[in-house]
Amino acid sequence: MKLFFPVFVITLAFFLAGCGRSDAPEPAAVSPVEEVAVENAPASDWESMVARTDDQGEVEVEVIPLNLDHPGETIDFQVSLNTHSVDLNMNLAELAVLSVDGGRGVVGLSWDGMLGGHHVGGTLKFPANENGAPLLDGASRVTLTIVNVDAAERVFTWDR
């Protein structure tokens with residue numbers, strides 16, 4: 001018990017320091033969507049384990065496909081939203097569309113991330129079938145579009 005309180009205080013201090021405001025100048029402008037390779041990713045037909053990051057406005061959104069190679073009943077994406085100024089009280093399933101090759105598409109099925117706060121993460125799921133046909137069959141490009149998250153539109157694409 002004697003050790004618990006100091007460890008708790010130190011951990012809390014590091015957490016709060018990470019959420020604090022910085023007087024450092026804003027970073028130089030970069031392209032809104034950036035690719036980030038995920039280490040130890042298995043070989044894939046898709047660029048599946050490649051994260052995409054969009055930092056428009058005051059919210060940084062990172063998306064990682066979880067099962068493009070082997071979707072079950074759903075096609076899943078891990079999504080992280082981070083900000084210091086915008087309340088992230090939104091259901092991403094209502095704001096997202098998954099489309100293939102610029103045509104066929106489905107709206108979000110579910111979002112299991114918490115609603116509200118400044119650091120939110122969760123799984124965004126889409127139906128793997130459209131009108132009874134697998135959405136990814138024959139597709140060479142997948143596009144995830146998220147609207148109204150402190151930017152009119154955020155577009156993330158992966159190719160085979």
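Just so we're clear, the structure is a prediction, and the values are computed from it rather than from any experiment.
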Quiz item: What pairs with L88 under side chain to side chain contact (heavy atoms under 4.5 Å, CB included), at least two apart in sequence or on another chain?
Solution: V59, L81, T83, V86, M90, V120

Quiz prompt | F156/V142 under side-chain contact (heavy atoms from CB on, under 4.5 Å): CA gap, chis, key distance, verdict | solution = CA-CA 8 Å; F156 308 88; V142 171; over 6 Å; no

Exercise. Can you tell me which residue pairs pass the salt bridge (Lys or Arg N to Asp or Glu O under 4.0 Å) test with a partner in residues 72-89, sequence neighbours excluded?
Key: D76-K125

Exercise. Go through the structure and list residues passing salt bridge (Lys or Arg N to Asp or Glu O under 4.0 Å) with E58, not counting sequence neighbours.
Key: none

Quiz item: Which value, rounded to the nearest 0.5 Å, describes the distance between W111 atom CH2 and F77 atom CZ?
Solution: 12.5 Å

Self-check item: Side chain proximity check, T53 to V63, heavy atoms < 4.5 angstrom
Solution: no

Exercise. Would you please name every residue forming a side chain to side chain contact (heavy atoms under 4.5 Å, CB included) with N82, sequence neighbours left out?
Key: S80, H119

Quiz item: Any donor and acceptor pair, going by atom type alone, linking the side chain of R52 with main-chain N or O of T157 inside 3.5 Å?
Solution: yes

Practice problem: Any chance you could measure Q56, atom CD, to D150, atom CG, to the nearest 0.5 Å? | Solution: 9.0 Å

Practice problem: Answer yes or no: is there an ion pair linking R141 with D101, defined by an N-O contact shorter than 4.0 Å? | Solution: no

Self-check item: CG-OG distance between L124 and S110, expressed to the nearest 0.5 angstrom
Solution: 7.5 Å

Quiz item: Which distance, rounded to the nearest 0.5 Å, do you find between the CG of L109 and the CD1 of I75?
Solution: 10.5 Å

Exercise. Taking all heavy atoms of A139 and all of R160, pick out the closest pair and write down the distance.
Key: O-NE, 2.6 Å

Quiz prompt | Least distance between heavy atoms, D54 atom then V155 atom | solution = OD2-N, 4.3 Å

Exercise. Could you list who else is in V97's hydrophobic cluster, with ILVMFWY side chains joined at under 4.5 Å, directly or through other members?
Key: V107

Exercise. Please list all pairs passing the salt bridge (Lys or Arg N to Asp or Glu O under 4.0 Å) test where one or both residues lie in residues 111-122, with sequence neighbours left out.
Key: none

Quiz item: Taking all atoms of both residues into account, what is the closest heavy-atom pair of V106 and N129, and its distance?
Solution: CG1-O, 4.3 Å

Practice problem: Could you tell me which residues satisfy side chain to side chain donor-acceptor pair (under 3.5 Å) with T145, sequence neighbours excluded, listed by chain and number? | Solution: none

Quiz item: Looking at OG1 of T74 and CZ of F126, how far apart are the two atoms once the value is rounded to the nearest 0.5 Å?
Solution: 10.5 Å

Quiz item: In chain order, what residues pass the side chain to side chain contact (heavy atoms under 4.5 Å, CB included) check against N131, with sequence neighbours excluded?
Solution: none

Quiz prompt | Pair V50-I64, side-chain contact (heavy atoms from CB on, under 4.5 Å): steps then yes or no | solution = CA-CA 6 Å; V50 178; I64 302 172; over 6 Å; no

Quiz item: Which pair of non-hydrogen atoms, one from H84 and one from H118, has the smallest distance, and what is that distance?
Solution: C-ND1, 3.9 Å

Practice problem: Considering non-hydrogen atoms only, spot the tightest contact between I146 and A96 and give its length. | Solution: CG1-CB, 4.1 Å

Quiz item: Mind checking whether P71 and L136 have side chains closer than 4.5 Å, heavy atoms only?
Solution: yes

Exercise. Check for a donor-acceptor pair, side chain of W158 on one end and backbone N or O of P65 on the other, with a separation under 3.5 Å.
Key: no

Quiz item: At what distance, to the nearest 0.5 angstrom, does CG of L95 lie from CZ of R154?
Solution: 11.0 Å

